[in-house]
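Comments concern the structure below.
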Amino acid sequence: MTTETCLRGKCSVDIELKSNVAKLHNMLSKSYQLLPEVCPELIDSFELVEGEWSHEGCVMLRNYLVEGQIAVDKVRVEKIDDQNYQYIYRLIEGPLSELYKNVTIGYEASAYGEGTLLHYTFEYEKMDKDVPEADIFLPYSISIIKQVDDYLIDHKGN
């Protein structure tokens, strides 16, 4: 195994949710401007930098909170697939890009009983062998997804 291979990683998790798959996908892939309202302790705001909201290729600044401080990532939407409920974005710059390169984050969701099964994936390449595996970021992402799920259920969006 080469050093380059050792630096590449992928972490993923399957999350069972109560809300309707189409409504959950719509909220996560097209209505992210609402996320600061849904998760105010985790997300501060989104700002469009290039392109059109909710379209592949759009570039945005994601302002989020880490230990009470605002951090900013610049991301590009790579894929929105409404038929297969897939969404993928790429990190362009931000605090994580100091540790990882070639970061793509996304999900694929499917109907699961009356709810949704969401497969969330974080693919990356560490800058060097001393950088921690990226699975340390999964709890943050899972928290956002579960808060969106709760919001949709509470607002009759299931």
Side-chain angles (χ1 to χ4, degrees), residues 8-66 70-97 99-125 133-158:
R8 289 190 186 140
K10 179 178 180 178
C11 51
S12 60
V13 63
D14 289 329
I15 309 165
E16 291 182 27
L17 303 160
K18 298 173 192 157
S19 57
N20 171 279
V21 65
K23 291 180 181 182
L24 181 71
H25 171 68
N26 186 63
M27 178 70 121
L28 293 173
S29 68
K30 296 186 178 138
S31 300
Y32 27 77
Q33 304 94 314
L34 295 176
L35 293 179
E37 177 185 323
V38 175
C39 319
E41 72 286 353
L42 298 173
I43 300 175
D44 181 65
S45 64
F46 285 88
E47 299 171 38
L48 184 65
V49 174
E50 182 181 308
E52 294 180 51
W53 284 115
S54 309
H55 285 79
E56 291 178 359
C58 83
V59 176
M60 57 191 153
L61 297 178
R62 180 179 59 181
N63 303 292
Y64 57 100
L65 297 162
V66 178
I70 292 181
V72 181
D73 283 342
K74 188 175 189 180
V75 299
R76 177 187 309 105
V77 175
E78 299 283 313
K79 179 178 185 177
I80 301 174
D81 181 340
D82 294 330
Q83 282 192 302
N84 296 304
Y85 306 115
Q86 295 176 319
Y87 179 74
I88 298 171
Y89 64 92
R90 178 175 301 281
L91 178 68
I92 299 172
E93 59 187 54
L96 289 179
S97 62
L99 301 171
Y100 308 97
K101 57 185 176 178
N102 301 320
V103 175
T104 57
I105 300 168
Y107 68 80
E108 182 171 354
S110 58
Y112 185 73
E114 293 182 22
T116 299
L117 181 62
L118 186 136
H119 182 74
Y120 179 86
T121 304
F122 188 113
E123 294 184 57
Y124 58 94
E125 187 176 340
E133 297 299 327
D135 59 354
I136 62 174
F137 302 107
L138 286 178
Y140 179 85
S141 299
I142 291 168
S143 181
I144 291 171
I145 292 164
K146 287 188 173 185
Q147 286 184 41
V148 168
D149 185 50
D150 290 343
Y151 176 87
L152 290 171
I153 296 298
D154 291 347
H155 291 82
K156 308 279 189 251
N158 65 334

Q: Quick one: list whatever passes side chain to side chain contact (heavy atoms under 4.5 Å, CB included) with K101, sequence neighbours left out.
A: E125, M127
Q) Is there side-chain contact between Y64 and L42, with at least one heavy-atom pair below 4.5 Å? A) no
Q: Can you sort out the partners of I92 under side chain to side chain contact (heavy atoms under 4.5 Å, CB included), two or more places apart, ordered by chain and number?
A: V59, K74, R76
Q. Excluding sequence neighbours, so at least two apart, what forms side chain to side chain contact (heavy atoms under 4.5 Å, CB included) with L48?
A. W53, C58
Q.
Under the rule for side chain to side chain donor-acceptor pair (under 3.5 Å), what residues qualify as partners of Y100, not counting sequence neighbours?
A. none
Q | Where L65 and Y140 come nearest, the two heavy atoms and their spacing | A | O-CE1, 3.8 Å
(Q) Main chain of D149, side chain of S19: is a donor-acceptor contact present, judged purely on distance under 3.5 Å? (A) no
Q: To the nearest 0.5 Å, tell me how far L117 CG sits from L17 CG.
A: 8.0 Å
Q) Residues in side chain to side chain contact (heavy atoms under 4.5 Å, CB included) with S141, at least two apart? A) Y120
Q | Any residue meeting side chain to side chain donor-acceptor pair (under 3.5 Å) with E133, in chain and number order, not counting sequence neighbours | A | Y124, K126
**Q.** Nearest heavy-atom neighbours spanning I80 and S29
**A.** CD1-O, 4.0 Å
Q) Judged by atom type as modelled, is there a donor-acceptor pair below 3.5 Å linking the side chain of H155 to the main-chain atoms of Y151? A) yes
Q: Find the distance between CD1 (I144) and CD (E41) and round it off to the nearest 0.5 Å.
A: 9.0 Å
Q | Candidate pair L28 and V148, rule side chain to side chain contact (heavy atoms under 4.5 Å, CB included), full reasoning | A | CA-CA 8 Å; L28 293 173; V148 168; 4.0 Å; yes
**Q.** P95 versus A71, closest heavy-atom pair with distance
**A.** CG-CB, 4.0 Å
**Q.** Test side chain to side chain donor-acceptor pair (under 3.5 Å) applied to K79 - qualifying residues, sequence neighbours left out
**A.** Q86
Q) How many angstroms lie between atom CD1 of I88 and atom CG of D81, to the nearest 0.5 angstrom? A) 9.0 Å
Q. How close do T116 and N20 get, heavy atom to heavy atom, and via which atoms?
A. OG1-C, 3.4 Å
(Q) Applying side chain to side chain contact (heavy atoms under 4.5 Å, CB included) to L24 and L152, what does each step give before you reach the verdict? (A) CA-CA 7 Å; L24 181 71; L152 290 171; 3.9 Å; yes
Q | Separation between CD of E37 and OG of S31, rounded to the nearest 0.5 Å | A | 11.0 Å
Q) Aromatic rings F122 and F137: how do their planes relate, parallel, tilted or perpendicular, breaks at 30° and 60°? A) parallel
(Q) Going by the rule side chain to side chain donor-acceptor pair (under 3.5 Å), which residues pair with Y85 if we only count those two or more places apart in sequence or in a different chain? (A) none
Q) Got a sec, which residues hit salt bridge (Lys or Arg N to Asp or Glu O under 4.0 Å) with K30, two or more places apart in sequence or on another chain? A) D82
Q. Side chains of I43 and N63: does their closest heavy-atom pair fall under 4.5 Å?
A. no
Q. Can you tell me if S143 uses its side chain to pair, donor with acceptor, with the backbone of P139 under 3.5 Å?
A. no
Q. I105 versus L91: any side-chain heavy-atom pair under 4.5 Å?
A. no
Q: Return yes when atom CZ of F46 has more than 12 non-hydrogen atoms of other residues, nucleotides or ligands closer than 6.0 Å, and no otherwise.
A: yes
Q. Which pairs pass salt bridge (charged side-chain N to carboxylate O under 4.0 Å, His left out) with one or both residues in residues 86-95, sequence neighbours excluded?
A. E78-R90
Q) What distance separates Y107 OH from T121 OG1, expressed to the nearest 0.5 Å? A) 12.0 Å
Q | Where Y87 and V77 come nearest, the two heavy atoms and their spacing | A | OH-CG2, 3.4 Å
Q: Would you mind listing every salt bridge (charged side-chain N to carboxylate O under 4.0 Å, His left out) that reaches into residues 44-66, with sequence neighbours excluded?
A: R62-D73
Q. Can you find a pair of side-chain heavy atoms, one from I145 and one from L118, that are under 4.5 Å apart?
A. yes
Q. Can you check whether I153 reaches D150 side chain to side chain, under 4.5 Å on heavy atoms?
A. no
Q | Reported OG-to-CG distance for the pair S12 and D135, which is rounded to 0.5 angstrom | A | 10.5 Å
